[in-house]
Trainee: 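Take a look at this one; I'll ask things after.
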There are 2 protein chains.
Amino acid sequence: MLKVGRLADYGILILHHLGRMRPARLAMESIAEITHVPLPTVRKVMKFLVDAELVISKRGPNGGYQLARPPAQVSLAEAIAAVEGPLALTECSSADGQCELHDQCDLAGRWPGVNAIVLRVLERTSLADLDRFGRHEPHVPPPLRDLMAPIR
Amino acid sequence: MLKVGRLADYGILILHHLGRMRPARLAMESIAEITHVPLPTVRKVMKFLVDAELVISKRGPNGGYQLARPPAQVSLAEAIAAVEGPLALTECSSADGQCELHDQCDLAGRWPGVNAIVLRVLERTSLADLDRFGRHEPHVPPPLRDLMAPIR
DNA sequence: GCATTCAATACTACATCGGTATACAATTCT
DNA sequence: AGAATTGTATACCGATGTAGTATTGAATGC
Ligand code: SF4
Ligand code: SF4
(Lines give C-alpha, C1' and ligand atoms only; values in the text may rest on other atoms or scores of the structure.)
(Ligands and ions follow the chains in the order given, each with its own letter.)
Protein backbone atom coordinates (compact mmCIF):
# COMPACT_ATOMS: atom_id res chain seq x y z
CA MET A 1 0.00 0.00 0.00
CA LEU A 2 1.63 3.19 1.20
CA LYS A 3 -0.83 5.10 -0.90
CA VAL A 4 -1.47 8.78 -1.23
CA GLY A 5 -5.05 9.68 -0.40
CA ARG A 6 -7.63 10.21 -3.10
CA LEU A 7 -7.95 13.89 -2.28
CA ALA A 8 -4.25 14.46 -2.69
CA ASP A 9 -4.39 12.53 -5.92
CA TYR A 10 -7.14 14.83 -7.14
CA GLY A 11 -5.12 17.79 -5.97
CA ILE A 12 -2.21 16.82 -8.15
CA LEU A 13 -4.51 16.12 -11.04
CA ILE A 14 -6.02 19.58 -10.69
CA LEU A 15 -2.68 21.31 -10.25
CA HIS A 16 -1.48 19.59 -13.36
CA HIS A 17 -4.42 20.90 -15.34
CA LEU A 18 -3.98 24.38 -13.99
CA GLY A 19 -0.38 24.14 -15.07
CA ARG A 20 -1.34 23.45 -18.63
CA MET A 21 -3.75 26.37 -18.64
CA ARG A 22 -1.42 28.80 -16.97
CA PRO A 23 -1.55 31.68 -16.71
CA ALA A 24 -5.25 31.48 -17.54
CA ARG A 25 -7.78 31.41 -14.74
CA LEU A 26 -10.13 28.47 -14.38
CA ALA A 27 -13.44 28.47 -12.51
CA MET A 28 -14.09 25.74 -10.03
CA GLU A 29 -16.93 24.37 -12.08
CA SER A 30 -14.78 24.14 -15.17
CA ILE A 31 -12.17 22.27 -13.20
CA ALA A 32 -14.75 19.79 -12.07
CA GLU A 33 -15.94 19.24 -15.61
CA ILE A 34 -12.53 18.83 -17.14
CA THR A 35 -11.09 16.58 -14.46
CA HIS A 36 -14.35 14.69 -13.86
CA VAL A 37 -13.88 15.13 -10.13
CA PRO A 38 -17.21 15.75 -8.37
CA LEU A 39 -17.72 19.47 -7.78
CA PRO A 40 -18.12 19.44 -4.00
CA THR A 41 -14.92 17.48 -3.72
CA VAL A 42 -13.10 19.96 -5.90
CA ARG A 43 -14.31 22.64 -3.55
CA LYS A 44 -12.71 20.92 -0.63
CA VAL A 45 -9.44 20.31 -2.39
CA MET A 46 -9.13 23.85 -3.62
CA LYS A 47 -9.25 25.15 -0.10
CA PHE A 48 -6.12 23.21 0.76
CA LEU A 49 -4.32 24.32 -2.36
CA VAL A 50 -5.14 27.95 -1.70
CA ASP A 51 -4.08 27.73 1.94
CA ALA A 52 -0.79 26.26 0.82
CA GLU A 53 -0.44 29.11 -1.64
CA LEU A 54 0.00 26.77 -4.54
CA VAL A 55 -2.86 28.41 -6.41
CA ILE A 56 -4.20 31.94 -6.44
CA SER A 57 -7.91 32.43 -6.28
CA LYS A 58 -10.00 35.30 -7.46
CA ARG A 59 -13.68 35.84 -6.82
CA GLY A 60 -16.46 37.43 -8.75
CA PRO A 61 -17.26 37.21 -12.44
CA ASN A 62 -14.39 35.85 -14.47
CA GLY A 63 -12.84 34.66 -11.28
CA GLY A 64 -11.31 31.28 -10.69
CA TYR A 65 -8.05 29.62 -9.84
CA GLN A 66 -4.61 30.04 -11.25
CA LEU A 67 -1.41 28.14 -10.57
CA ALA A 68 0.81 30.36 -8.44
CA ARG A 69 4.10 29.24 -9.94
CA PRO A 70 5.35 27.59 -13.13
CA PRO A 71 4.61 23.85 -13.08
CA ALA A 72 8.32 23.09 -13.01
CA GLN A 73 8.53 24.80 -9.65
CA VAL A 74 5.78 22.87 -7.95
CA SER A 75 6.91 19.58 -6.47
CA LEU A 76 4.79 16.55 -5.75
CA ALA A 77 5.95 16.79 -2.16
CA GLU A 78 4.40 20.23 -1.85
CA ALA A 79 1.21 19.16 -3.52
CA ILE A 80 0.76 16.14 -1.28
CA ALA A 81 1.74 18.05 1.83
CA ALA A 82 -0.79 20.74 0.97
CA VAL A 83 -3.64 18.25 1.12
CA GLU A 84 -2.50 15.63 3.59
CA GLY A 85 -0.01 17.47 5.71
CA PRO A 86 3.75 17.03 5.86
CA LEU A 87 5.27 13.70 4.89
CA ALA A 88 5.78 11.41 7.86
CA LEU A 89 6.22 7.71 7.21
CA THR A 90 5.90 7.01 10.93
CA GLU A 91 4.93 9.03 13.98
CA CYS A 92 8.56 9.46 14.93
CA SER A 93 9.63 10.43 11.43
CA SER A 94 9.50 14.17 11.65
CA ALA A 95 9.10 16.41 14.65
CA ASP A 96 8.40 13.47 16.89
CA GLY A 97 4.70 13.06 17.24
CA GLN A 98 3.03 11.07 19.94
CA CYS A 99 4.09 7.44 19.72
CA GLU A 100 3.80 5.88 23.15
CA LEU A 101 6.63 3.50 22.34
CA HIS A 102 8.99 6.23 21.33
CA ASP A 103 11.17 5.92 24.40
CA GLN A 104 11.61 2.18 24.33
CA CYS A 105 11.81 1.82 20.56
CA ASP A 106 15.12 0.99 18.93
CA LEU A 107 14.06 2.53 15.65
CA ALA A 108 12.78 5.77 17.10
CA GLY A 109 15.67 7.93 15.99
CA ARG A 110 16.30 6.13 12.76
CA TRP A 111 13.20 6.86 10.75
CA PRO A 112 13.84 10.53 10.02
CA GLY A 113 16.66 9.48 7.72
CA VAL A 114 14.49 7.21 5.63
CA ASN A 115 11.79 9.82 5.67
CA ALA A 116 14.17 12.43 4.36
CA ILE A 117 15.15 10.27 1.42
CA VAL A 118 11.70 9.55 0.09
CA LEU A 119 10.79 13.17 0.76
CA ARG A 120 13.71 14.20 -1.36
CA VAL A 121 12.44 12.06 -4.21
CA LEU A 122 9.04 13.68 -4.14
CA GLU A 123 10.59 17.10 -3.83
CA ARG A 124 12.60 16.54 -6.96
CA THR A 125 9.65 15.52 -9.04
CA SER A 126 7.69 18.50 -10.30
CA LEU A 127 4.37 18.80 -12.04
CA ALA A 128 6.27 19.43 -15.24
CA ASP A 129 8.27 16.25 -14.69
CA LEU A 130 5.03 14.32 -14.59
CA ASP A 131 4.50 15.02 -18.28
CA ARG A 132 7.88 13.62 -19.10
CA PHE A 133 6.96 10.34 -17.55
CA GLY A 134 4.81 9.75 -20.61
CA ARG A 135 2.04 7.25 -20.83
CA HIS A 136 3.37 3.83 -20.00
CA GLU A 137 6.78 4.76 -21.26
CA PRO A 138 8.54 6.22 -18.22
CA HIS A 139 11.07 8.92 -18.81
CA VAL A 140 12.91 9.69 -15.65
CA PRO A 141 13.42 13.38 -14.93
CA PRO A 142 17.07 14.45 -14.87
CA PRO A 143 17.44 15.01 -11.11
CA LEU A 144 16.52 11.39 -10.46
CA ARG A 145 18.25 9.78 -13.37
CA ASP A 146 21.21 8.54 -11.37
CA LEU A 147 18.91 6.73 -8.99
CA MET A 148 16.98 5.00 -11.71
CA ALA A 149 20.00 4.19 -13.83
CA PRO A 150 20.31 0.55 -12.76
CA ILE A 151 16.67 -0.09 -13.50
CA ARG A 152 16.46 0.06 -17.28
CA MET B 1 1.09 12.38 5.61
CA LEU B 2 1.81 9.50 3.26
CA LYS B 3 2.41 7.35 6.28
CA VAL B 4 3.09 3.67 6.60
CA GLY B 5 0.51 1.96 8.80
CA ARG B 6 1.18 1.18 12.43
CA LEU B 7 1.10 -2.56 11.79
CA ALA B 8 3.76 -2.31 9.10
CA ASP B 9 5.77 -0.11 11.42
CA TYR B 10 5.58 -2.79 14.08
CA GLY B 11 6.49 -5.37 11.49
CA ILE B 12 9.71 -3.59 10.66
CA LEU B 13 10.44 -3.09 14.31
CA ILE B 14 10.01 -6.81 14.92
CA LEU B 15 12.01 -7.82 11.90
CA HIS B 16 14.78 -5.57 13.06
CA HIS B 17 14.85 -7.24 16.44
CA LEU B 18 14.81 -10.69 14.91
CA GLY B 19 17.72 -9.58 12.80
CA ARG B 20 19.79 -8.73 15.83
CA MET B 21 18.99 -12.09 17.41
CA ARG B 22 19.58 -14.13 14.32
CA PRO B 23 19.90 -16.99 13.97
CA ALA B 24 18.34 -17.50 17.37
CA ARG B 25 14.64 -18.24 17.62
CA LEU B 26 12.35 -15.93 19.53
CA ALA B 27 8.96 -16.82 20.96
CA MET B 28 6.03 -14.58 20.18
CA GLU B 29 5.65 -13.63 23.80
CA SER B 30 9.28 -12.62 24.08
CA ILE B 31 8.90 -10.47 21.00
CA ALA B 32 5.95 -8.73 22.55
CA GLU B 33 7.87 -8.05 25.74
CA ILE B 34 11.00 -6.76 24.09
CA THR B 35 9.31 -4.56 21.52
CA HIS B 36 6.49 -3.48 23.85
CA VAL B 37 3.99 -4.22 21.15
CA PRO B 38 0.76 -5.71 22.58
CA LEU B 39 0.82 -9.47 22.24
CA PRO B 40 -2.38 -9.93 20.19
CA THR B 41 -1.12 -7.38 17.73
CA VAL B 42 2.19 -9.20 17.42
CA ARG B 43 0.19 -12.29 16.65
CA LYS B 44 -1.49 -10.57 13.75
CA VAL B 45 1.70 -9.12 12.37
CA MET B 46 3.61 -12.38 12.52
CA LYS B 47 1.06 -14.01 10.28
CA PHE B 48 1.85 -11.56 7.52
CA LEU B 49 5.57 -11.96 7.96
CA VAL B 50 5.33 -15.73 7.83
CA ASP B 51 3.09 -15.68 4.76
CA ALA B 52 5.60 -13.42 3.05
CA GLU B 53 8.34 -15.86 4.01
CA LEU B 54 10.34 -13.19 5.72
CA VAL B 55 10.45 -15.19 8.94
CA ILE B 56 10.45 -18.90 9.64
CA SER B 57 8.23 -20.19 12.40
CA LYS B 58 8.49 -23.29 14.50
CA ARG B 59 5.91 -24.61 16.92
CA GLY B 60 6.09 -26.51 20.13
CA PRO B 61 8.38 -26.05 23.11
CA ASN B 62 11.43 -23.97 22.25
CA GLY B 63 9.66 -22.85 19.14
CA GLY B 64 9.37 -19.30 17.90
CA TYR B 65 10.30 -17.09 14.99
CA GLN B 66 13.51 -16.62 13.13
CA LEU B 67 14.48 -14.16 10.41
CA ALA B 68 14.62 -16.07 7.15
CA ARG B 69 17.48 -14.12 5.62
CA PRO B 70 20.34 -11.92 6.79
CA PRO B 71 19.07 -8.45 7.69
CA ALA B 72 21.05 -6.93 4.85
CA GLN B 73 18.94 -8.91 2.42
CA VAL B 74 15.56 -7.79 3.70
CA SER B 75 14.37 -4.50 2.23
CA LEU B 76 11.92 -2.09 3.75
CA ALA B 77 9.87 -2.46 0.59
CA GLU B 78 9.45 -6.16 1.25
CA ALA B 79 8.63 -5.62 4.88
CA ILE B 80 5.98 -3.03 4.15
CA ALA B 81 4.55 -5.01 1.26
CA ALA B 82 4.31 -8.07 3.49
CA VAL B 83 1.97 -6.27 5.86
CA GLU B 84 0.17 -3.73 3.72
CA GLY B 85 0.36 -5.21 0.26
CA PRO B 86 2.39 -3.98 -2.71
CA LEU B 87 3.33 -0.34 -2.95
CA ALA B 88 0.83 1.69 -4.94
CA LEU B 89 0.80 5.45 -4.50
CA THR B 90 -2.42 5.67 -6.49
CA GLU B 91 -4.93 3.21 -7.84
CA CYS B 92 -3.44 3.48 -11.28
CA SER B 93 0.12 3.13 -10.04
CA SER B 94 0.68 -0.56 -10.48
CA ALA B 95 -1.42 -3.15 -12.28
CA ASP B 96 -4.20 -0.66 -12.82
CA GLY B 97 -6.75 -1.09 -10.11
CA GLN B 98 -10.25 0.19 -10.28
CA CYS B 99 -10.23 3.96 -10.57
CA GLU B 100 -13.39 5.07 -12.29
CA LEU B 101 -11.61 8.08 -13.75
CA HIS B 102 -8.84 6.03 -15.26
CA ASP B 103 -10.00 6.48 -18.82
CA GLN B 104 -10.48 10.22 -18.73
CA CYS B 105 -7.50 10.99 -16.52
CA ASP B 106 -4.46 12.68 -17.98
CA LEU B 107 -2.21 11.30 -15.30
CA ALA B 108 -3.39 7.74 -15.54
CA GLY B 109 -0.37 6.35 -17.33
CA ARG B 110 2.13 8.60 -15.62
CA TRP B 111 2.02 7.41 -12.03
CA PRO B 112 3.74 4.06 -12.47
CA GLY B 113 6.98 5.91 -13.12
CA VAL B 114 6.82 7.87 -9.90
CA ASN B 115 5.76 4.77 -8.09
CA ALA B 116 8.75 2.87 -9.40
CA ILE B 117 11.14 5.49 -8.11
CA VAL B 118 10.00 5.58 -4.52
CA LEU B 119 9.68 1.81 -4.60
CA ARG B 120 13.28 1.64 -5.68
CA VAL B 121 14.30 3.74 -2.70
CA LEU B 122 12.55 1.43 -0.26
CA GLU B 123 13.97 -1.59 -2.03
CA ARG B 124 17.47 -0.30 -1.60
CA THR B 125 17.14 0.29 2.10
CA SER B 126 17.59 -2.88 4.12
CA LEU B 127 17.04 -3.69 7.74
CA ALA B 128 20.79 -3.55 8.20
CA ASP B 129 20.87 -0.09 6.63
CA LEU B 130 18.44 1.07 9.27
CA ASP B 131 21.14 0.68 11.90
CA ARG B 132 23.50 2.84 9.93
CA PHE B 133 21.03 5.66 10.01
CA GLY B 134 22.03 6.09 13.62
CA ARG B 135 20.03 7.94 16.15
CA HIS B 136 19.40 11.48 15.00
CA GLU B 137 22.59 11.43 12.99
CA PRO B 138 21.60 10.09 9.60
CA HIS B 139 24.13 8.08 7.69
CA VAL B 140 22.93 7.39 4.21
CA PRO B 141 23.47 3.84 3.00
CA PRO B 142 25.80 3.53 0.00
CA PRO B 143 23.20 2.64 -2.62
CA LEU B 144 21.40 5.90 -1.98
CA ARG B 145 24.35 8.14 -1.40
CA ASP B 146 24.26 9.69 -4.84
CA LEU B 147 20.70 10.75 -4.36
CA MET B 148 21.30 12.35 -1.02
CA ALA B 149 24.57 13.98 -1.95
CA PRO B 150 23.21 17.46 -2.60
CA ILE B 151 21.43 17.51 0.72
CA ARG B 152 24.18 17.77 3.27
C1' DG C 1 -27.95 45.93 -7.02
C1' DC C 2 -27.26 41.90 -8.83
C1' DA C 3 -25.09 38.01 -10.98
C1' DT C 4 -21.04 35.45 -10.43
C1' DT C 5 -17.73 32.99 -8.09
C1' DC C 6 -14.97 31.56 -4.12
C1' DA C 7 -14.96 30.66 1.33
C1' DA C 8 -16.36 28.46 5.52
C1' DT C 9 -18.69 25.28 8.24
C1' DA C 10 -20.97 21.36 9.52
C1' DC C 11 -22.57 16.91 8.65
C1' DT C 12 -22.95 11.94 7.11
C1' DA C 13 -21.94 7.35 5.33
C1' DC C 14 -18.37 4.36 4.89
C1' DA C 15 -13.97 2.06 4.94
C1' DT C 16 -9.96 0.98 7.15
C1' DC C 17 -7.16 0.07 10.86
C1' DG C 18 -5.54 -1.08 15.24
C1' DG C 19 -6.60 -4.04 18.68
C1' DT C 20 -8.96 -8.16 21.13
C1' DA C 21 -10.87 -12.78 22.11
C1' DT C 22 -11.27 -17.53 21.40
C1' DA C 23 -10.84 -21.95 19.69
C1' DC C 24 -7.55 -24.99 17.21
C1' DA C 25 -3.36 -27.50 15.43
C1' DA C 26 1.39 -28.85 15.64
C1' DT C 27 5.58 -30.08 18.16
C1' DT C 28 8.34 -31.66 21.97
C1' DC C 29 9.30 -33.98 26.26
C1' DT C 30 8.40 -37.19 29.73
C1' DA D 1 0.09 -41.79 25.42
C1' DG D 2 -0.45 -37.49 27.40
C1' DA D 3 0.56 -32.98 29.02
C1' DA D 4 2.82 -28.70 28.23
C1' DT D 5 4.28 -25.38 24.99
C1' DT D 6 3.97 -22.56 21.12
C1' DG D 7 2.21 -20.98 16.72
C1' DT D 8 -2.39 -20.71 13.47
C1' DA D 9 -6.92 -19.34 12.17
C1' DT D 10 -11.08 -16.81 12.45
C1' DA D 11 -14.21 -13.78 13.83
C1' DC D 12 -15.30 -9.62 15.97
C1' DC D 13 -15.33 -4.76 17.77
C1' DG D 14 -14.64 0.10 18.30
C1' DA D 15 -12.09 4.25 17.13
C1' DT D 16 -10.46 6.89 13.59
C1' DG D 17 -10.10 8.98 9.33
C1' DT D 18 -11.65 9.74 4.61
C1' DA D 19 -14.50 10.82 0.72
C1' DG D 20 -18.28 13.06 -0.34
C1' DT D 21 -22.48 16.39 0.36
C1' DA D 22 -25.20 20.40 1.76
C1' DT D 23 -25.83 25.00 3.26
C1' DT D 24 -24.83 29.49 4.06
C1' DG D 25 -21.93 33.51 3.71
C1' DA D 26 -18.60 36.83 1.72
C1' DA D 27 -15.99 39.12 -1.98
C1' DT D 28 -15.69 40.91 -6.72
C1' DG D 29 -17.07 43.25 -10.87
C1' DC D 30 -20.44 45.26 -14.07
S1 SF4 E 1 8.87 5.09 17.86
FE2 SF4 E 1 9.09 3.01 17.09
S3 SF4 E 1 6.99 2.33 17.09
FE4 SF4 E 1 6.79 4.49 17.48
S5 SF4 E 1 6.54 5.26 15.41
FE6 SF4 E 1 8.72 5.35 15.69
S7 SF4 E 1 9.36 3.38 14.92
FE8 SF4 E 1 7.17 3.15 15.07
S1 SF4 F 1 -6.46 7.50 -12.91
FE2 SF4 F 1 -6.17 9.62 -12.35
S3 SF4 F 1 -7.57 9.85 -10.67
FE4 SF4 F 1 -7.50 7.65 -10.98
S5 SF4 F 1 -5.90 7.07 -9.58
FE6 SF4 F 1 -4.80 7.41 -11.45
S7 SF4 F 1 -4.24 9.54 -11.26
FE8 SF4 F 1 -5.69 9.27 -9.63
Side-chain angles (χ1 to χ4, degrees), chain A residues 1-14 18 24-33 35-66 68 80 83-85 88 90-91 97-101, chain B residues 1-14 18 24-33 35-66 68 80 83-85 88 90-91 97-101:
Chain A
M1 287 286 171
L2 190 64
K3 67 181 135 199
V4 42
R6 207 60 168 278
L7 257 49
D9 179 4
Y10 291 158
I12 294 173
L13 181 53
I14 291 172
L18 287 179
R25 231 189 319 270
L26 228 64
M28 198 157 49
E29 196 169 1
S30 311
I31 296 178
E33 278 178 23
T35 62
H36 302 97
V37 177
L39 179 68
T41 302
V42 175
R43 196 172 285 138
K44 176 180 283 190
V45 173
M46 295 321 285
K47 169 170 168 47
F48 293 128
L49 299 182
V50 169
D51 287 352
E53 295 181 334
L54 288 179
V55 302
I56 304 173
S57 70
K58 196 177 179 202
R59 302 199 231 198
N62 217 331
Y65 297 94
Q66 176 186 5
I80 296 175
V83 178
E84 303 193 330
T90 69
E91 296 290 345
Q98 59 285 22
C99 174
E100 63 277 8
L101 300 186
Chain B
M1 288 286 171
L2 190 64
K3 68 181 133 198
V4 43
R6 208 59 169 277
L7 258 49
D9 181 1
Y10 291 157
I12 294 173
L13 180 53
I14 291 173
L18 287 178
R25 232 191 319 270
L26 228 61
M28 198 158 48
E29 198 169 358
S30 312
I31 295 177
E33 278 178 23
T35 62
H36 302 98
V37 177
L39 180 69
T41 302
V42 174
R43 197 172 282 139
K44 176 179 282 190
V45 173
M46 294 322 286
K47 170 170 165 47
F48 293 130
L49 299 182
V50 169
D51 287 354
E53 296 181 333
L54 288 179
V55 302
I56 303 173
S57 71
K58 194 177 179 202
R59 302 199 231 198
N62 217 331
Y65 296 95
Q66 178 187 2
I80 297 174
V83 178
E84 304 193 329
T90 69
E91 296 290 345
Q98 56 286 19
C99 175
E100 63 277 6
L101 299 187

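For the numbers below, each heavy atom of this structure counts, side chains included, while hydrogens, waters and symmetry mates do not. Throughout, protein chains are lettered first and strands after them, A, B, ... in sequence-line order, and every chain is numbered starting at 1. Keep in mind the model is a prediction, meaning the values are calculated, not measured.
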Trainee: Under 4.0 Å between any heavy atoms, over every strand shown, what does Pro38(B) touch: base, sugar-phosphate, or nothing? Just pick one.
Mentor: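 Counting heavy atoms under 4.0 Å across all strands, the contact made by Pro38(B) is with sugar-phosphate only.
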
Trainee: Nearest to the side chain of Lys44(A), which nucleotide is it out of dG20(D), dA3(C), dC6(C)?
Mentor: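 Selected nucleotide: dG20(D).
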
Trainee: Whole angstrom is fine here: how far is it from CG in Asp51(B) over to C1' in dG7(D)?
Mentor: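 Rounded to the whole Å, the gap is 13 Å.
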
Trainee: Using whole Å, what does the distance between atom P of nucleotide dA7(C) and atom CD1 of Ile56(A) come to?
Mentor: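 Answer to the nearest Å: 12 Å.
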
Trainee: From CG of Leu2(B) over to P of dG17(D), roughly how many Å is that when rounded to an integer?
Mentor: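 Atom-to-atom, Leu2(B) to dG17(D), this comes out as 17 Å.
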
Trainee: Tell me: CG of Asp9(A) to C1' of dG20(D), nearest whole Å?
Mentor: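 After rounding, the gap between these two atoms is 15 Å.
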
Trainee: How close or far is atom P of dT6(D) from atom CE of Met28(B), stated in whole angstroms?
Mentor: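 Those two atoms, CE and P, are 10 Å apart.
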
Trainee: Taking OP1 and OP2 of dA7(C), is either one under 4.0 Å from a side-chain nitrogen or oxygen of Ser57(A)?
Mentor: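 So the side chain of Ser57(A) is within the cut-off, an N or O lying under 4.0 Å from OP1 or OP2 of dA7(C).
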
Trainee: How many angstroms lie between CD1 in Ile31(B) and OH in Tyr65(B), if you round to the nearest 0.5 Å?
Mentor: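 It is 7.0 Å, given to the nearest 0.5 Å.
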
Trainee: Of the candidate nucleotides dT21(D), dG19(C), dA3(C), which contains the atom at the shortest distance from the side chain of Pro61(A)?
Mentor: dA3(C)

Trainee: Taking the side chain of Arg43(A) as its heavy atoms from C-beta onward, which of dC6(C), dT20(C), dT23(D) lies nearest to it?
Mentor: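 From the listed options, dT23(D) comes nearest.
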
Trainee: Say you draw a straight line from CG of Leu101(B) to OG1 of Thr35(A); how long is it, rounded to the nearest 0.5 Å?
Mentor: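 So the gap between those two atoms works out to 7.5 Å.
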
Trainee: Once rounded to the nearest 0.5 Å, what's the spacing between atom CG of Leu13(B) and atom CG of Leu7(B)?
Mentor: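 It comes to 12.0 Å.
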
Trainee: Ignoring backbone atoms, establish whether Tyr65(B) has a side-chain N or O less than 4.0 Å from OP1 or OP2 of dT8(D).
Mentor: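 Yes.
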
Trainee: Is the phosphate of dG19(C) approached by Tyr10(B) (side-chain N or O, under 4.0 Å from OP1 or OP2)?
Mentor: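 Answer is yes, contact under 4.0 Å.
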
Trainee: Starting at NZ of Lys47(B), measure out to CZ of Arg43(B) and round the result to the nearest 0.5 Å.
Mentor: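 It comes to 13.5 Å.
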
Trainee: Taking the minimum atom-to-atom distance to the side chain of Lys47(A), which one of dC6(C), dA8(C), dT6(D) wins?
Mentor: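 My answer, after comparing the listed nucleotides, is dA8(C).
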
Trainee: Between Glu100(A) and Arg6(B), is the salt bridge (charged side-chain N to carboxylate O under 4.0 Å, His left out) condition met? List the steps.
Mentor: CA-CA 12 Å; Glu100(A) 63 277 8; Arg6(B) 208 59 169 277; 3.4 Å; yes

Trainee: Quickly work out the Leu39(B) CG to dT6(D) P distance and round it to whole Å.
Mentor: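 Result: 12 Å.
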
Trainee: In whole angstroms, how far is the P atom of dT6(D) from the CG atom of Asn62(B)?
Mentor: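 To the nearest whole Å, that distance equals 8 Å.
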
Trainee: Measure from the side-chain heavy atoms of Arg59(B) and tell me the nearest of dA7(C), dT21(D), dA26(C).
Mentor: dA26(C)

Trainee: Start at the 5' end of DNA chain D and walk down; is the nucleotide closest to Gly60(B) or to Glu100(B) reached first?
Mentor: Gly60(B)

Trainee: Quick one: label Lys58(B) by what it contacts on the DNA or RNA (base, sugar-phosphate, nothing), any heavy atom closer than 4.0 Å.
Mentor: sugar-phosphate

Trainee: Taking atom P of dT9(C) as reference, at what distance in whole Å does atom CE of Met46(A) sit?
Mentor: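 The distance from CE of Met46(A) to P of dT9(C) comes to 18 Å, rounded to the nearest Å.
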
